[in-house]
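Read through the structure below, which is laid out as structure tokens, and then see the notes.
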Amino acid sequence: MSRRLWTRSILVLAVIIMTSCLADAEAGSFIKVPKKKYKGPGTTANLKSIIIGRCYHYMSLYPAIGMKDCSRIWQELTEAVFRKDPCNITEEDYKKLGEVAAQTIPCDKSLLWSRTNQLVHRYTKATEDFMTLEDTFLGFLFNGLTWCGKPVTPGMNYNSCPAWNECSNNSLLSFWKIASAMFAQTSCGIVNVMLNGSADGAIARKESILRTVEIPRMNPDKVSEVRLWVIDDIHGQDKNSCNSESLLELQQYIEEHNLNYSCIDNYKPVQALQCVENPDHHACNQCSRP
Ligand SMILES: *[C@@H]1O[C@H](CO)[C@@H](O)[C@H](O)[C@H]1NC(C)=O
Ligand SMILES: *[C@@H]1O[C@H](CO)[C@@H](O)[C@H](O)[C@H]1NC(C)=O
Ligand SMILES: *[C@@H]1O[C@H](CO)[C@@H](O)[C@H](O)[C@H]1NC(C)=O
Ligand SMILES: *[C@@H]1O[C@H](CO)[C@@H](O)[C@H](O)[C@H]1NC(C)=O
């Protein structure tokens, strides 16, 4: 073999080794950051357009909120979740988003809820006297949507996102915690709470947002009373009412937070709405009432 050919073979060999090393490095980086499959659905398609559209819509529905910078809202959402593990997102990450979406809540208008999702929103649509979390600016913007980012790279993950209970610091749960906290914190006067008297178990579960976030964040100097409405399904069982043990326990929890408490069984204006769909039910017959 000539010396020249020998040198060339060495060179070719070196190039082969180098490229195979590069390929290994690439494969290695794929192994280090596997595409993780979460249990929940991925980011809602067209998320950005939906949020910006809802932002302008909200300003037209509730002019009292004033001018909000809708693209800034999107910007702060991306700051909160991009390049982060969707199971390592805390309330702290959404702090800036919370600040740009801040809002004043009129006194006596707040209506919190637990396990009455459908009825409570039918009620606020029908009366317009109360505001639920989903009628606040943040709640309205993000209601029903899913989102999460990806570790390392920017952008949303459209394939899958952590489900509500998949990990404790996930992108959705932490968002709804801070949105609920802000709502409770800025509420004043009488704060109403619609609860489900027909549901199994405790009236407000230990891990519910109501207990873990909303009650602790209320300001006793601004909230004059927490007024619970215990609503039974018209055809459902009466599993809990104001004098049941679970309610007394909740009363104690509320009072421990230096808040005044009251409770109403089957608050009539809500029952009237239930009766629209069940006019023949005995609870709906005005004449049979004592
Ligand atoms: C979680 O996120 C914080 C900052 O947002 C970071 O400092 C921390 O290392 C992350 N933890 C994990 C386990 O990824
Ligand atoms: C109350 O809970 C029951 C049992 O979980 C459920 O079927 C019903 O829809 C709930 N009622 C309301 C008003 O959400
Ligand atoms: C969730 O975040 C909090 C900080 O807000 C941290 O103290 C806690 O350890 C985190 N939990 C998990 C399971 O990572
Ligand atoms: C509770 O109600 C009483 C009487 O209505 C009122 O004087 C008091 O200020 C209230 N307490 C709080 C913490 O708002």
Side-chain angles (χ1 to χ4, degrees), residues 26 28-59 62 65-103 105 112 117 132-186 207-210 212-214 216-217:
E26 257 171 41
S29 70
F30 269 112
I31 290 161
K32 263 184 238 141
V33 189
K35 269 207 176 129
K36 191 167 173 8
K37 175 89 178 128
Y38 297 100
K39 294 195 188 105
T43 300
T44 309
N46 307 308
L47 184 72
K48 182 178 180 180
S49 312
I50 295 172
I51 289 171
I52 290 180
R54 285 183 181 182
C55 177
Y56 286 107
H57 188 197
Y58 194 89
M59 289 192 284
Y62 303 93
I65 191 151
M67 274 305 290
K68 290 286 185 189
D69 183 344
C70 297
S71 28
R72 178 85 192 280
I73 301 272
W74 171 256
Q75 179 68 30
E76 294 300 346
L77 176 68
T78 65
E79 297 284 336
V81 301
F82 277 15
R83 296 187 192 83
K84 290 184 196 158
D85 179 342
C87 277
N88 185 24
I89 305 283
T90 61
E91 288 181 52
E92 187 62 27
D93 290 313
Y94 287 115
K95 207 166 155 243
K96 283 288 276 298
L97 175 61
E99 282 166 15
V100 294
Q103 169 180 35
I105 308 291
L112 312 182
N117 192 348
T132 62
L133 175 61
E134 294 71 20
D135 303 306
T136 67
F137 186 44
L138 267 185
F140 185 91
L141 291 179
F142 291 95
N143 190 19
L145 305 179
T146 298
W147 65 92
C148 64
K150 296 179 277 193
V152 190
T153 53
M156 295 291 178
N157 181 346
Y158 290 93
N159 295 316
S160 69
C161 287
W164 191 251
N165 289 322
E166 191 169 341
C167 44
S168 55
N169 292 327
N170 73 63
S171 49
L172 293 185
L173 187 56
S174 295
F175 170 82
W176 287 107
K177 278 186 178 166
I178 196 168
S180 310
M182 286 176 57
F183 184 38
Q185 227 157 24
T186 46
E207 70 281 8
S208 62
I209 296 265
L210 179 66
T212 58
V213 177
E214 290 169 334
R217 299 286 183 105

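Side-chain atoms are counted along with the backbone in the values below, which use heavy atoms only and exclude waters and symmetry mates.
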Spatial distance of atom [atom1] ([X]) from atom [atom2] ([Y]) [nearest 0.5 Å]:
| X | Y | atom1 | atom2 | value |
| --- | --- | --- | --- | --- |
| L138 | F175 | CG | CZ | 4.5 Å |
| N46 | Y158 | CG | OH | 8.0 Å |
| C167 | D85 | SG | CG | 7.5 Å |
| E91 | M182 | CD | CE | 11.0 Å |
| N159 | K37 | CG | NZ | 7.0 Å |
| S180 | I209 | OG | CD1 | 4.5 Å |

Are the side chains of [Y] and [X] in contact, using a 4.5 Å heavy-atom criterion?
| X | Y | value |
| --- | --- | --- |
| T146 | L172 | yes |
| L97 | F142 | yes |
| L210 | L112 | yes |
| T43 | C161 | yes |

Measure across [X] and [Y] and return the closest heavy-atom pair with its distance rounded to 0.1 Å.
| X | Y | value |
| --- | --- | --- |
| Y38 | P86 | OH-CD, 3.3 Å |
| M59 | G66 | SD-O, 3.5 Å |
| I89 | K84 | CD1-CB, 3.6 Å |
| S71 | I52 | CA-CD1, 4.4 Å |
| L133 | T136 | O-OG1, 2.6 Å |
| N170 | W164 | ND2-O, 3.0 Å |

Is there a donor-acceptor pair closer than 3.5 Å between any side-chain N or O of [X] and the backbone N or O of [Y]?
| X | Y | value |
| --- | --- | --- |
| N157 | G42 | no |
| E166 | K39 | yes |
| K68 | A102 | yes |
| T44 | L47 | no |
| N143 | F140 | no |

For F82 and M156: C-alpha separation, side-chain torsions, deciding distance, then whether side-chain contact (heavy atoms from CB on, under 4.5 Å) applies. CA-CA 7 Å; F82 277 15; M156 295 291 178; 3.7 Å; yes
For a side chain to side chain donor-acceptor pair (under 3.5 Å) check, start with the C-alpha distance between E92 and T90, then their side-chain angles and the critical distance, and finish with the verdict. CA-CA 5 Å; E92 187 62 27; T90 61; over 6 Å; no
Going by the rule ring pair (Phe, Tyr, Trp, His ring centres under 6.0 Å), which residues pair with F137 if we only count those two or more places apart in sequence or in a different chain?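 Ring pair (Phe, Tyr, Trp, His ring centres under 6.0 Å) list for F137, sorted by chain: Y58.
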Kindly indicate, with the supporting measurements, whether the criterion side-chain contact (heavy atoms from CB on, under 4.5 Å) is fulfilled by R54 and L145. CA-CA 12 Å; R54 285 183 181 182; L145 305 179; 3.7 Å; yes
I'd like to know whether K96 forms a side-chain contact (heavy atoms from CB on, under 4.5 Å) with R72, so could you lay out the CA-CA distance, the side-chain angles of the two residues, the decisive distance to 0.1 Å, and finally the verdict. CA-CA 10 Å; K96 283 288 276 298; R72 178 85 192 280; 3.9 Å; yes
Determine, step by step, whether L173 and S168 satisfy the side-chain contact (heavy atoms from CB on, under 4.5 Å) criterion, reporting the C-alpha distance in whole Å, the side-chain angles of both residues, the deciding distance to 0.1 Å, and the verdict. CA-CA 8 Å; L173 187 56; S168 55; 5.6 Å; no
